[in-house]
Amino acid sequence: MIQTQLNLVRAQIPEQVTLIAVSKTKPVSDLQAAYDAGQRHFGENKVQEMVEKAAQLPSDINWHLIGHLQTNKVKYMATFVHLIHGVDSLKLLQEIDKQAKKAGRTQDVLLQFYIAQEDTKFGLDLQEAQEILDSIEFKQLKRIQVCGVMGMASNTSDEKQVAREFAALKNIFSTLQNKYFQEKPAFKEISMGMSGDYQLAIQNGSTMVRVGSKIFGGR
Ligand SMILES: *Cc1c(COP(=O)(O)O)cnc(C)c1O
């Protein structure tokens, strides 16, 4: 069942787009089934749950922390997390840098932007991101690699609105790329699109889609 759904989703995604299987709340056996079908990128929104699952699954999995992240949780995953999607403050960047240094790594992160017309979603706006990237404090962080941006569109059936929000995130990406990351090829990811809207996201420039329920079933 999981393998069928996974293959269905894969067939709709161009090769250059990374499919992150969002496995939050699902048992390890479900992740193993997806792994056996070749899936290597998994997304979780809680650090504790990701840590527990990682310990029980093969070590060549790339773990993505996709949810809102509290500073005091960073240390638990600093040795292995592949990409942290939800970074929305300088304070969090400083803690990630500190823990990455301890772990002897450089940590890849995405800056999360607020693109939805809902006030329940976390994220920066362009000006806040620029304030961070311009700051002396940010320039002192040696163990952070900013790889791009992440966002969540409004939970609405209005496809035009969702497309507008994705386009806005693509615009933010391009603006930041031009201003801060021209010499940094690692800045290349636009993480947008979930089960209900990943095709629209891909049409609007997504490079990483985070798909949960369409693969693993409802939560
Ligand atoms: C849960 C979650 C997803 C996946 O949602 P589905 O609708 O199940 O595909 C994607 N991104 C984030 C940040 C999530 O928390």
Side-chain angles (χ1 to χ4, degrees), residues 1-13 17-28 30-31 33-34 37 39-53 61-70 73-74 77 81-89 92 96 108-124 147-159 161-163 165-166 168-170 172-173 189-219:
M1 189 54 199
I2 287 170
Q3 305 199 348
T4 309
Q5 286 304 112
L6 187 58
N7 287 330
L8 253 168
V9 173
R10 275 186 187 143
Q12 295 172 322
I13 295 178
V17 173
T18 304
L19 171 60
I20 300 168
V22 176
S23 47
K24 61 191 187 200
T25 77
K26 297 296 175 182
V28 165
D30 283 7
L31 284 78
Q39 185 63 28
R40 291 296 180 271
H41 291 266
F42 289 86
E44 291 283 338
N45 69 335
K46 296 211 169 78
V47 174
Q48 187 63 32
E49 188 176 339
M50 183 176 74
V51 168
E52 282 169 17
K53 286 174 173 172
I61 288 176
N62 296 121
W63 292 98
H64 296 252
L65 199 281
I66 61 172
H68 184 66
L69 177 59
Q70 288 171 298
K73 301 283 170 64
V74 173
M77 62 177 180
V81 64
H82 177 67
L83 181 61
I84 302 175
H85 290 233
V87 177
D88 62 357
S89 72
L92 194 49
I96 294 169
D108 287 351
V109 304
L110 304 179
L111 299 178
Q112 181 169 359
F113 286 87
Y114 176 83
I115 54 170
Q117 291 192 326
E118 296 167 10
D119 43 35
T120 54
K121 303 240 158 85
F122 295 97
L124 302 161
C147 295
V149 301
M150 179 266 201
M152 287 169 87
S154 297
N155 184 12
T156 169
S157 58
D158 183 347
E159 290 202 357
Q161 186 184 332
V162 172
E165 292 170 1
F166 287 149
L169 186 58
K170 169 94 199 262
I172 288 170
F173 170 83
E189 305 293 358
I190 305 175
S191 168
M192 59 185 188
M194 310 176 19
S195 288
D197 56 21
Y198 63 88
Q199 303 196 61
L200 212 47
I202 291 167
Q203 286 162 25
N204 285 281
S206 174
T207 68
M208 290 187 148
V209 292
R210 311 177 308 267
V211 180
S213 46
K214 183 93 188 269
I215 296 171
F216 295 107
R219 290 179 295 271

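All values derive from a computational prediction rather than experimental measurement. Both counts, for ligands and for their atoms, begin at 1 and track the order of listing.
Ring orientation note: the planes of His64 and His41 are tilted relative to one another, at an angle of 30° to 60°. Using the six-membered ring where Trp is involved, Trp63 and Phe42 have ring planes that are tilted, between 30° and 60° apart.
Within the 4.5 Å cutoff, the side chain of Ser23 has heavy atoms near those of the Phe216 side chain.
Every residue two or more places apart in sequence or in another chain that forms a ring-ring contact (aromatic ring centres under 6.0 Å, His included) with Phe173 is listed here: Phe187.
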Name each N or O atom in ligand 1 that is under 3.5 Å from a protein N or O, and give the partner atom and the distance.
| residue | atom | partner | partner atom | Å |
| --- | --- | --- | --- | --- |
| ligand 1 | 8 (O) | Ser213 | N | 2.8 |
| ligand 1 | 8 (O) | Ser213 | OG | 3.0 |
| ligand 1 | 8 (O) | Arg219 | NH1 | 2.8 |
| ligand 1 | 8 (O) | Arg219 | NH2 | 3.0 |
| ligand 1 | 9 (O) | Ser195 | N | 2.9 |
| ligand 1 | 9 (O) | Ser195 | OG | 2.5 |
| ligand 1 | 9 (O) | Gly212 | N | 2.8 |
| ligand 1 | 11 (N) | Arg210 | NE | 2.9 |
| ligand 1 | 15 (O) | Lys24 | NZ | 2.7 |

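Around CD of Gln3, the count of heavy atoms belonging to other residues, nucleotides or ligands within 6.0 Å exceeds 12.
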Begin with the C-alpha distance, continue with both residues' side-chain angles, and end with the deciding distance and a verdict on side-chain hydrogen bond (donor to acceptor under 3.5 Å, both in side chains) for His85 and Ser191. CA-CA 8 Å; His85 290 233; Ser191 168; 3.0 Å; yes
